Amino acid sequence: MDKKYNFDDFCGIIEQLRSENGCPWDKAQTHSSLKQCMIEEAYEVLQGIDEYEESKNFDNLREELGDVLLQVVMHSVIAKEEGLFTIDDVIDEVAAKMVRRHPHVFGNHLISEKEEIHKNWEEIKKEEKKSKNQNDGISSIPLAFPALIRAQKVVKKCEKLKIEKEILFQEELFPEKLAIILDDKKCEDNKKEALGSLLFELCKLAQIQHFNAEECLSECVKQYIRTKE
């Protein structure tokens, strides 16, 4: 009968791979070198979710979640080697965060409406950032996000922080910007700026309509591929 590995076994395997007699590739990895791996594995989880929803086959989702877990443990093992923190610290911090942000479940704070739960979550998160002197403005949105996700998060944050009185979709920009993009006499930088402006306006429209711009484009591309195959 095959051995059934548990979480501690898995952490031990990663530590062995990073040890003196371990795997040269694993030993050479750093937080920085693994950044792209984390991004790719996260997107492969999304693919696994789509496959499960379409076919009810969960094998790929289970495998891809394991690959994300591998990234989490690998970073934690590297951090342990550097004397920064351990996987236990990671688990403790996120567990404490979940308890702290759900006083209606783990405390005596009574909340019944989803909107009130979300508002309370945001307030607790805001206080956490203040206590850690973390920036909660629009510049806090990670640069590493895909551009569509980042753009919509910026719009949403502006709305939440009331940086904009209200989010306005500037439909009148489209003819002017399209003319620049299609004008052979315009330089490449002007065309790129115009195209970026139009994409940002579409992200604003997505936020106004409560759509996820990234998901909308992803679904459109998926449908386009199906029509071409």
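All of these numbers come straight from a predicted model, not from anything done at the bench. In what follows, residues are counted from 1 in the order of the sequence shown. Only this structure's heavy atoms are used, side chains among them; waters, hydrogens and symmetry mates stay out.
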Would you mind checking if [Y] and [X] are paired as a salt bridge, meaning a charged N to carboxylate O distance below 4.0 Å?
X      : Y      : value
Lys177 : Glu171 : no
Glu54  : Lys222 : yes
Asp9   : Lys3   : yes

For a 4.5 angstrom cut-off between non-hydrogen side-chain atoms, does [X] reach [Y]?
X      : Y      : answer
Lys228 : Ile225 : no
Leu65  : Leu61  : yes
Asn6   : Phe10  : no
Cys158 : Ile138 : yes

Shared hydrophobic cluster, [X] / [Y] (ILVMFWY, side-chain heavy atoms < 4.5 Å):
X      : Y      : value
Leu202 : Phe211 : no
Tyr5   : Phe7   : yes
Trp25  : Leu17  : yes
Leu217 : Leu198 : no
Val154 : Leu173 : no

**Message:** The test is side-chain contact (heavy atoms from CB on, under 4.5 Å); show your working for His75 and His31 and say whether it passes.
**Reply:** CA-CA 6 Å; His75 280 287; His31 294 300; 2.9 Å; yes
What pair of heavy atoms forms the shortest contact from [X] to [Y], and how long is it?
X      : Y      : result
Asp183 : Lys191 : O-CE, 2.9 Å
Asp59  : Asn57  : N-OD1, 2.9 Å
Val99  : Phe106 : CA-CD1, 3.6 Å

Ignoring hydrogens and geometry, is there a side-chain-to-backbone donor-acceptor pair from [X] to [Y] under 3.5 Å?
X      : Y      : result
Lys80  : Ile87  : no
Arg18  : Gln29  : yes
Ser55  : Tyr52  : no
Arg150 : Pro142 : yes

**Asked** Aromatic rings His102 and His104: how do their planes relate, parallel, tilted or perpendicular, breaks at 30° and 60°?
**Response**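 Correct class here is tilted.
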Within this structure, what is the [atom1]-[atom2] distance for the pair [X] and [Y], rounded to the nearest 0.5 Å?
X      : Y      : atom1 : atom2 : answer
Asp50  : Glu53  : CG    : CD    : 6.0 Å
Glu44  : Glu64  : CD    : CD    : 4.5 Å
Ile180 : Lys185 : CD1   : NZ    : 14.5 Å
Ser140 : Lys157 : OG    : NZ    : 4.5 Å
Gln152 : Asn212 : CD    : CG    : 5.5 Å
Leu70  : Met38  : CG    : CE    : 9.0 Å

Taking atom [atom1] of [X] as the centre, does the number of heavy atoms from other residues, nucleotides or ligands within less than 6.0 Å exceed 12?
X      : atom1 : result
Glu82  : CD    : yes
Lys35  : NZ    : no
Lys192 : NZ    : no

**All side chain to side chain donor-acceptor pair (under 3.5 Å) counterparts of Glu201, not counting sequence neighbours** =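 For Glu201, the residues satisfying side chain to side chain donor-acceptor pair (under 3.5 Å) (neighbours in sequence not counted) are Gln170, Lys204.
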**Prompt:** Please walk me through it: do Glu193 and Ser197 pass side chain to side chain donor-acceptor pair (under 3.5 Å)?
**Reply:** CA-CA 6 Å; Glu193 184 277 331; Ser197 294; 3.1 Å; yes
**Request:** Show your reasoning for whether side-chain contact (heavy atoms from CB on, under 4.5 Å) applies to Cys11 and Val77.
**Result:** CA-CA 8 Å; Cys11 291; Val77 169; 5.7 Å; no
**Asked** Does the pair Phe169 and Phe200 meet the rule for a ring-ring contact (aromatic ring centres under 6.0 Å, His included), with working shown?
**Response** CA-CA 10 Å; Phe169 171 61; Phe200 189 65; over 10 Å; no
**Asked** Which one of Val73, Asp26, Ile78 satisfies the side chain to side chain contact (heavy atoms under 4.5 Å, CB included) criterion with Ile14?
**Response**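 The passing option is Val73.
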**Asked** Among side-chain atoms of Ser218 and Glu214, is any donor-acceptor pair under 3.5 angstrom?
**Response**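 There is no such pair (donor and acceptor under 3.5 Å, judged by atom type) between the side chains of Ser218 and Glu214.
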**Asked** Does one side chain, of Glu41 or Gln71, offer a donor that lies under 3.5 Å from an acceptor on the other?
**Response**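 There is no such pair between these side chains.
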**Request:** Applying side-chain contact (heavy atoms from CB on, under 4.5 Å), run through Leu148 and Cys203 and close with a yes or a no.
**Result:** CA-CA 7 Å; Leu148 279 180; Cys203 286; 3.4 Å; yes
**Request:** Kindly confirm or rule out a cation-pi arrangement of Lys56 over Phe58, judged by NZ or CZ under 6.0 Å from the six-membered ring centre and within 45° of its axis?
**Result:**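 Pair Lys56/Phe58 does not count as cation-pi.
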**Prompt:** Between Asn60 and Glu63, is a side-chain contact (heavy atoms from CB on, under 4.5 Å) present by the stated rule, with each step listed?
**Reply:** CA-CA 5 Å; Asn60 193 40; Glu63 179 183 351; 4.2 Å; yes
